[in-house]
Every structure is written in structure tokens, then in C-alpha cells.
Amino acid sequence: MEFAWSEDEVEFRQTLRAFIREHVRDEDQLLVPGEDPYSDSSIEFCRKLAAKGWLVPHWPKEYGGSDASSWIFAITSEELWAAGEPRGSQYMNVNWIGPAIIAAGTPEQKAQHLGRIASGDVLWCQGFSELDAGSDLVAMQTFAKKDGDHYVVNGQKIWTSYASKAEYCFLLAKTRQDGDPQHSISIFLVPMNTPGVRVEVVPTMLDIHTVHRLTFENVRVPASCRMGAENAGWPIVRDALSDERVGTPRYARAEEVLNRVVEIAAERGLFADGRLQRMASHASAACRAARLLSYQVRQSRSKGAGAGPEAYIGRVAIVRAEREVAEFAVEVVGEESLLGGSLVDGEFRTAMIAGLGGGSYEMQLNLIARLWLRLPKGA
Ligand SMILES: Cc1cc2nc3c(=O)[nH]c(=O)nc-3n(C[C@H](O)[C@H](O)[C@H](O)COP(=O)(O)OP(=O)(O)OC[C@H]3O[C@@H](n4cnc5c(N)ncnc54)[C@H](O)[C@@H]3O)c2cc1C
């Protein structure tokens, strides 16, 4: 078995890195994907990536990709995330929204959405979480009632990233009141300018990332916007998101931050403290473990394996890596970490987001306990 990157892959990484250096301003590097500054500039950046064939290289040719290996896409994701994710919200488009449409969209939905995603000029948001349905997503209350050739949607989504600039929402709503909740959810690809959709910013302590409340008040959505069969949205989403657990290589950015903080610690002569040395090496090992576990998931998925518990293990490792780097960084710079907008302040907040956005850390542990360790529920 060959573990090393091929020559082509090494060359691709170098070329992409040079492209990022050329097109992403120094002061924007190492930011985290948020509303600012990338929602607008991501369009420009993603169009340039698309022109190079680097936005959706892993997609099939017929949908605008180049049938590249999932490793080329892994390199792309690592390099972009390490640079602060200049694709902005469009990382979601290429990671899982597009692939979900490829897997379950109608020919019309594919024609309408995939070309625009592949050419990098459309912003989406993800309308899943509700106030009492975050970890327990199937408890959602947003309801889409069939009315002729439309659905009428009512309800409220919360913590929605990127909503103020998004053109479409990948929305989950219940389409029946009774029955097994997992068989009551449908997917709707909703234009955000549909009358009755309201977007409000929700203030949080996160600071580096803006989230919103999305209200749907008698929103009439054509039935042609429903993706997949009625009440059959859950397996589509579960499958799409199983890749996404490791689709954001946070370890790549965490490693960059770690390297910079190690330099600071060395400059300040802090490594005489054995405790800091240990923290730095633990953080470095955590980043490597996250990288390897993520690769394992990519490898088995690229061989056609279904979604397995390895993806949850990979994500837990990613969150741990972010947290270890953040804790080390705070120890090194001390109260300077309280400076808003500083490298360490950003890393600490990023680590907080890592454990919640995209499904909480504790829920991943529960899933590992049940699916990997085969512990009984509630043990
Ligand atoms: C920065 C950010 C961006 C986000 N963007 C989006 C977005 O674009 N779209 C979207 O739909 N959502 C988004 N979310 C929401 C995110 O998916 C939820 O925060 C997450 O799923 C957790 O749900 P919750 O916030 O309701 O917390 P809860 O489910 O209320 O959980 C609160 C705490 O209790 C713990 N907990 C809950 N149940 C259990 C259990 N059974 N066992 C052990 N522990 C438990 C959780 O781990 C967590 O620590 C975002 C969140 C953040 C922080």
C-alpha cells in the first residue's frame, strides 16, 4: 500500500497554494468562514477557482466537474480551509448541497442548480436547526402543507449561517404530523426571495460568525422545489452530511495556527516550561490524528462504502484538535487572547464553533458509543 501523495498531487497542492497566495489578501488569511468578509468576495474567488477547474473537481463531468479523485478534492479543501476558507459559504455548495442534488434531484433541479454551483456564482444557506430541534433534529416543527401544486411552509429556523446573502435555502420541513418523525421530513430548495421568508440576525458571543433566525410565514413553495419523495428527505440528508462530518478539514487551519503560536512561544522563550512543550506536542498529535482519521473516512467512501461510524470518530478528532490548539494558544499568549480579532481570540472562538456547528461534539460521542462501541442506548 502506498501512503505517500503522488507527484501529481504534490504538484497540485503547490500550484493551488500559490494561487491562494496570489488571490487571497494576507489580512484575510486564517479567518474562519463567516458572513464577513467572504460572502461577497467568495463569488469572485469561486469563479476564479471554477475557471481553473478547482471548484468541483470531484464532481462528474456531466455536472461541471472533472471526475478527479476524492484526494484532489481533499487537497483543495485542506488548502482552502487552512487559508481561512475563501470560498465562504460556497464550501457547503460543493461539499454536500451539490452532491445531494446530484444524488436525489430531478433533472430540472439538476439543470437549475448544479451548473451555477459548479461555476461558483450562487450562495446557499442550510435551514435545519430550530430552537427545540438542534441535536434532536427530527423534533422540528416547521411544516409544509400541500396545497395543490404548492406547499405552504410555516415555521422558524435558527442559527442559520449565511442567510442574509443566500439566494437559496436547503430547507427541511415536516410534511406529515403523525408517524415516525424520520419518515415525516421532506427537503425543499427554496428561493430566499419567496414572499413570507424573513431573515434576522441573532446576536451571539461568537463574534467571528453571523447566524440568523429564518421565519417562514405562509410561504408558498412550488411542489417542483421538493427534492426527493415526500417524507423521504431524512436519508438523503443523512447521507449527504456523513461526508460533511470530515468535509471541513479544520485540522489544516488548526495546524497553521499551531505553527504560528509555536513560533511566538519560541520567540518569547516559553518552551523552558515543560508543560507548554507537552501541550504543543499533544496539539500537534491531535491535528495529525484528525487528519489521518479523516483520510480513513475519505478512503472508504471513495471505495463506495456507505456512511459508517468512522465519520463520527473523524469529526470528534477534528473538534479535539481545534480545542487542543486553542488551549495551547491561550496558555502561550495569556491575556492577549482577549484581544478581539487577534489570532488566538479567533482560534478560541473557532474551537467553540467546531463543537457545535454541524452537530454537537457530545452527540457525535453518543453515536460512537452506540454504533462503534455498541453500547446500549443511555449507557
Ligand atoms: C456557528 C454556528 C453555525 C451554525 N450554522 C447552522 C446553519 O447554517 N444551519 C443550521 O441548520 N444550523 C446551524 N447551526 C446549529 C447547529 O447545527 C446546532 O447548534 C447543533 O446542531 C446543536 O443544536 P442546539 O444548538 O439546538 O443545541 P442542543 O441540541 O440544545 O444541545 C445543547 C447542548 O446539549 C448537548 N446535548 C443535547 N442532547 C444531548 C444528548 N442526548 N446527549 C448528550 N448531550 C446532549 C449538546 O451536545 C450541546 O452541548 C449552527 C451552529 C453554530 C454554533
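All ligand and atom numbering here is 1-based and tracks the order in the structure. When a residue number appears, it is its place in the shown sequence, counting from 1. Here the structure is a predicted model, which is why all the values come from computation and not from measurement. Heavy-atom basis, side chains included; hydrogens, waters and symmetry copies ignored.
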Novice: Does ligand 1 have any N/O pairs with the protein under 3.5 Å, and how far apart?
Specialist:
residue	atom	partner	partner atom	Å
ligand 1	5 (N)	Trp159	O	2.9
ligand 1	5 (N)	Ser161	OG	2.8
ligand 1	8 (O)	Ser161	N	2.9
ligand 1	8 (O)	Ser161	OG	3.3
ligand 1	9 (N)	Gln126	O	2.7
ligand 1	11 (O)	Gln126	O	3.3
ligand 1	11 (O)	Phe128	N	2.9
ligand 1	11 (O)	Ser129	N	2.7
ligand 1	11 (O)	Ser129	OG	3.2
ligand 1	12 (N)	Ser129	OG	2.7
ligand 1	17 (O)	Ser129	OG	3.4
ligand 1	23 (O)	Ser135	N	3.3
ligand 1	29 (O)	Ser135	N	2.9
ligand 1	29 (O)	Ser135	OG	2.6
ligand 1	42 (N)	Asn366	ND2	2.9
ligand 1	47 (O)	Ser360	OG	2.5
ligand 1	47 (O)	Glu362	OE1	2.6
ligand 1	49 (O)	Glu362	OE1	3.2

Novice: Check whether any side-chain N or O of Thr76 sits under 3.5 Å from a backbone N or O of Ile72 as a donor-acceptor pair, and report yes or no.
Specialist: yes

Novice: Check whether any side-chain N or O of Lys174 sits under 3.5 Å from a backbone N or O of Met140 as a donor-acceptor pair, and report yes or no.
Specialist: yes

Novice: Should Glu108 and Lys110 count as an ion pair when the cut-off is N to O under 4.0 Å?
Specialist: no

Novice: Under the criterion ring-ring contact (aromatic ring centres under 6.0 Å, His included), I'd like the reasoning laid out for Trp96 against Phe170: C-alpha separation, chi angles, the key distance, then a yes or no.
Specialist: CA-CA 11 Å; Trp96 67 268; Phe170 192 103; 5.0 Å; yes

Novice: Given 3.5 Å as the limit, does a donor-acceptor pair link the side chain of Asp239 with the main chain of Pro235, or not?
Specialist: no

Novice: Backbone N or O of Glu11 within a donor-acceptor pair of the Thr15 side chain at under 3.5 Å?
Specialist: yes

